[in-house]
Amino acid sequence: MSRLSLEQKLAILSDAAKYDASCASSGGQKRNSRDGKGIGSVTGSGICHAYTPDGRCISLLKILMTNFCIYDCVYCVNRVSSNVQRARFAPEEVVTLTLEFYRRNYIEGLFLSSGIIKSPDDTMADMVRIAKLLRTEHGFRGYIHLKTIPDAAPHLIEEAGLYADRLSINVELPTDNGVKTFAPEKDPVQIRRAMREVKEQKDARKDRSHTGKRPPKFAPAGQSTQMIVGADGANDTTILRTSSRLYTGYRLKRVYYSAFSPIPDSSSALPLIKPPLVREHRLYQADWLLRFYGFDVEEITDSGTADGNLDLDIDPKLAWALKNRHVFPVDVNRADREMLLRIPGIGQRSVGRILSTRRHRTLRYDDLRRMGANLKQARPFISLLDWHPRGLTDTEHLRARFAPQPQQLQLL
Amino acid sequence: MSYRITLPEMDTFTAWRDVARRLISANIPPEEVLWSRGAGEKDLFARPLPPLPKSTIPVPKSFVSLARLSIWHCDHTRFHQLYALLWALRSDRTLIEDRGDIRISRLNRMAKEVGRDRHKMHAFLRFREIGDPDAPRRRFAAWFEPSHYTLEPALPFFTDRFGDMDWSIFTPDLSAHFVDGKVQLAEGVDKPDFPIDATEDLWRVYFRNIFNPARVKLTAMTSEMPKKYWANMPEASEIPDLIATAEARVRAMADAAPTVAPKRAEVIKARGKTRDD
Ligand code: SF4
């Protein structure tokens with residue numbers, strides 16, 4: 001094999017990394033380099049430094065250390081049975097790319113994952129070495145996200161967590177059966193064990209020891225995972241139940257949903273489809289409701305379709321409101337926070353503003369507009385000093401007002 | 001007869017605050033003050049400012065954060081609006097929490113616009129290397145055109161982040177130079193010419209390859225990264241071609257029949273099996 005240039009490797013190994021949805025650089029321990037002895041900072045809220053025409057944010061340099069892989073996950077472009085061109089970065093090359101991109105303000109840091117070469121431990125050890133080089137040799141204080149190899153030895157995961165802001169392990173598919181079918185070498189039980197290990201490491205370092213010293217932070221931005229949507233037959237109810245278990249059981253920071261997307265050199269076992277982007281979007285909205293709006297899974301999925309999926313035409317919060325009209329209209333001047341959060345078109349921020357203003361006076365319709373509420377959505381569901389929806393809440397056609405018009409039939 | 005105040009272009013917030021304190025303690029209502037920024041002409045009818053009071057004036061905390069952002073807005077009534085609000089807060093402290101009040105919501109909108117402009121500057125500004133890459137402190141420079149007077153409030157991000165290198169940021173209004181860990185503001189300039197930086201080519205390679213042609217969503221891209229920023233972003237030159245070829249690439253993926261796995265695949269998989277047994 002001829003030697004590849006850095007440019008060629010970068011092309012191959014970023015192309016191979018694009019199916020990982022996460023590019024987040026939020027959370028993390030605040031750091032800076034004001035002392036002039038290093039480079040980089042973490043502000044706590046991530047920054048998207050560019051957007052590609054797929055509308056996705058580029059925050060991190062997201063690359064694979066190598067796309068050689070001994071596993072054969074059907075959905076993956078890097079599986080051993082695929083004919084894509086292979087490449088492997090030397091650790092120094094990853095370090096240079098990260099630093100040079102960082103200095104020009106292209107990125108917040110590095111998201112490194114890898115195909116599995118030789119053994120899980122060897123692969124993980126190389127990844128840890130890159131993070132360590134960045135942190136200790138080059139004083140890099142930007143963001144590092146390492147994708148953990150599930151079968152790697154615990155001491156390697158522990159070391160990874162000391163250099164990285166975030167660790168992630170992909171559960172890959174919503175059900176154990178899906179994993180067995182499409183990622184035959186991976187073991188769902190082992191994946192969960194690795195997630196538990198990360199959680200326990202993190203917990204163990206939270207408290208001060210008896211000497212009062214705080215132990216070094218372990219993956220301060222927490223851990224995340226990804227599920228591929230639309231490759232196996234799992235419906236949205238199954239997917240959201242899995243997410244909910246992951247959030248509570250392993251205290252994950254984020255679950256990412258990645259619409260199964262065509263890959264070059266696909267496998268005959270998994271036919272190519274158009275990526276279900278709207279479905280992916282609805283899942284993210286539902287996920288948001290789970291985490292920040294006090295909804296539970298069943299409430300959300302009960303307002304979906306009969307086959308256990310979310311309504312693709314309207315967002316899940318609106319779907320819930322339409323299904324539960326008897327609790328509306330909500331009196332914006334009296335309702336508690338929990339109930340305000342359930343009004344379609346009114347987000348967390350507006351709720352905060354409503355509560356703070358309400359302490360001093362009674363709200364009117366125009367106040368909500370100035371607070372940034374989406375009144376087109378909220379109108380039928382609220383009442384205020386000078387606004388009442390009258391019969392609006394009850395009309396049969398309320399859903400039709402929000403759902404996109406059905407396509408006109410055409411005669412053949 | 002009115003007071004005519006010309007605030008400096010640098011450290012504008014501090015200057016505004018000092019003047020506002022004098023005016024408030026001298027009981028001068030907002031209608032009697034004319035505010036401007038930059039080198040203003042001397043007004044024949046302008047009166048000398050009352051002296052700076054010894055003590056500070058108490059204001060709600062959220063007023064300070066509101067003022068610290070909205071003061072950089074390009075709306076020329078900003079100084080007046082802030083002073084008028086400060087005046088009104090004297091008789092009603094709780095006004096600041098009234099998110100429905102027109103005065104508050106207008107200033108909040110301005111603060112939000114400056115915040116957004118600052119965020120975009122943090123995100124889309126691109127440095128080019130202009131010095132010797134082997135020097136102990138490397139040198140970089142950038143050109144950016146903010147929509148408001150955003151350079152100054154944007155600076156702490158850059159000084160926190162790029163501590164071990166020297167850099168300059170040029171804008172039409174002001175420039176900032178960070179040398180040996182100290183930042184200094186200077187006058188604005190016309191767009192400078194920087195030398196070519198080869199790393200930009202590598203960055204374009206990354207941008208091209210991280211893009212997934214099967215998921216084109218142009219409005220999502222342009223709403224977050226409006227075209228006005230593209231001129232100074234090296235990767236933006238790739239966008240038209242990526243869009244133009246996306247459909248054909250997806251079709252090619254779909255049309256390609258599944259290939260036969262390479263020979264080594266069987267060998268590697270067999271090896272894995274024996275190890276597990
Ligand atoms: S382990 Fe599976 S998902 Fe990961 S790179 Fe290898 S084939 Fe792809």
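Order of the sequence lines sets the chain letters (A, B, ...), proteins ahead of strands, with each chain counted from 1.
A donor-acceptor pair under 3.5 Å is absent between the side-chain atoms of B:W167 and the main chain of B:F127, judged by distance alone. Although no hydrogens or angles enter the test, the distance criterion places a donor-acceptor pair under 3.5 Å between the side chain of A:Y143 and the main chain of A:S26. Side-chain atoms of A:T357 never come within 3.5 Å of backbone atoms of A:I354 as a donor-acceptor pair (strictly under, hydrogens ignored). A:T123 places no side-chain N or O within donor-acceptor distance of the main-chain N or O of A:K118, the cut-off being under 3.5 Å. Within the 3.5 Å criterion, the main-chain N or O of B:I130 finds no donor-acceptor partner in the side chain of B:R139. Judged purely by atom type and a 3.5 angstrom limit, A:S82 has no side-chain atom pairing as donor or acceptor with the backbone of A:N78. Judged by distance alone, the side chain of A:R86 and the main-chain N or O of A:N67 form a donor-acceptor pair under 3.5 Å.
The residue among A:R370, A:R104, A:R369, A:K37 with the most heavy atom pairs within less than 4.5 Å of chain B is A:R104. Contact count versus chain B (heavy atoms, under 4.5 Å) is highest, among A:L277, A:I63, A:L6, for A:L277. Counting heavy-atom pairs under 4.5 Å between each of A:P53, A:S33, A:G38, A:A11 and chain B puts A:P53 at the top. Contacts with chain B were tallied for A:M371, A:E7, A:R56; A:R56 has the most, counting heavy-atom pairs under 4.5 Å. Most heavy-atom pairs under 4.5 Å with chain A: of the set B:I102, B:I104, B:L95, B:D197, this distinction falls to B:D197. Of the residues considered (B:V216, B:T222, B:I210, B:D201), B:I210 shows the highest number of contacts with chain A, using heavy-atom pairs under 4.5 Å. Each of B:E200, B:R249, B:R208, B:R106 has some count of heavy-atom pairs under 4.5 Å with chain A, and the biggest count is that of B:E200. The most heavy-atom pairs under 4.5 Å with chain B, out of A:L97, A:L363, A:L61, come from A:L61. Residue with the most contacts toward chain A among B:R138, B:H122, B:M233: B:R138 (heavy-atom pairs, distance under 4.5 Å). Across B:L202, B:T159, B:D180, B:N108, the residue that shares the most heavy-atom pairs under 4.5 angstrom with chain A is B:L202. Per-residue counts of heavy-atom pairs under 4.5 Å with chain B were compared for A:D366, A:L368, A:I263; the largest is that of A:I263. Heavy-atom pairs under 4.5 Å with chain A peak, among B:A265, B:P234, B:A220, at B:A265.
Within 6.0 Å of CD on B:Q184 lie no more than 12 heavy atoms contributed by other residues, nucleotides or ligands.
Interface residue A:E185: only side-chain heavy atoms are found under 4.5 Å from chain B. Of the atoms belonging to B:F158, it is side-chain heavy atoms, and not backbone ones, that fall under 4.5 Å from chain A. Heavy atoms closer than 4.5 Å to chain A are found in the backbone of B:D101, but not in its side chain. Contacts of A:E280 with chain B are made by side-chain atoms alone, with heavy-atom separations under 4.5 Å and no backbone atom involved. Heavy atoms closer than 4.5 Å to chain A are found in the side chain of B:E235, but not in its backbone. Residue B:P133: no heavy atom, backbone or side chain, is found under 4.5 Å from chain A. Of the atoms belonging to A:I58, it is side-chain heavy atoms, and not backbone ones, that fall under 4.5 Å from chain B. For a residue to count as touching a neighbouring chain, one of its non-hydrogen atoms must lie under 4.5 Å from one of that chain's; by this rule A:R141 does not touch chain B. Looking at B:F207, both its backbone and its side chain come within 4.5 Å of chain A, counting heavy atoms on both sides. Residue B:E238: no heavy atom, backbone or side chain, is found under 4.5 Å from chain A. Heavy-atom distances place both the backbone and the side chain of B:T94 under 4.5 Å from chain A. For a residue to count as touching a neighbouring chain, one of its non-hydrogen atoms must lie under 4.5 Å from one of that chain's; by this rule A:A16 does not touch chain B. Contacts between B:L242 and chain A at a heavy-atom distance below 4.5 Å involve the side chain alone, from C-beta outward. Contacts between B:R109 and chain A at a heavy-atom distance below 4.5 Å are absent for every atom of the residue.
Side-chain polar atoms of B:R161 and A:Y102 form a donor-acceptor pair below 3.5 angstrom. In summary, the side chains of A:S261 and B:N212 do present a donor paired with an acceptor at a separation below 3.5 Å, with no hydrogens or angles considered.
Sulfur-sulfur distance for A:C76 and A:C69: not below 2.5 Å, with no disulfide indicated.
A 4.5 Å side-chain heavy-atom check between A:H49 and B:R126 finds at least one atom pair inside the cut-off. Looking only at side-chain heavy atoms (C-beta outward), A:R358 and A:L355 come within less than 4.5 Å of each other. Contact check for A:L99 versus A:H138: side-chain heavy atoms found under the 4.5 Å cut-off.
Ring centroids of A:Y257 and A:Y284 are separated by less than 6.0 Å, placing the two rings close together.
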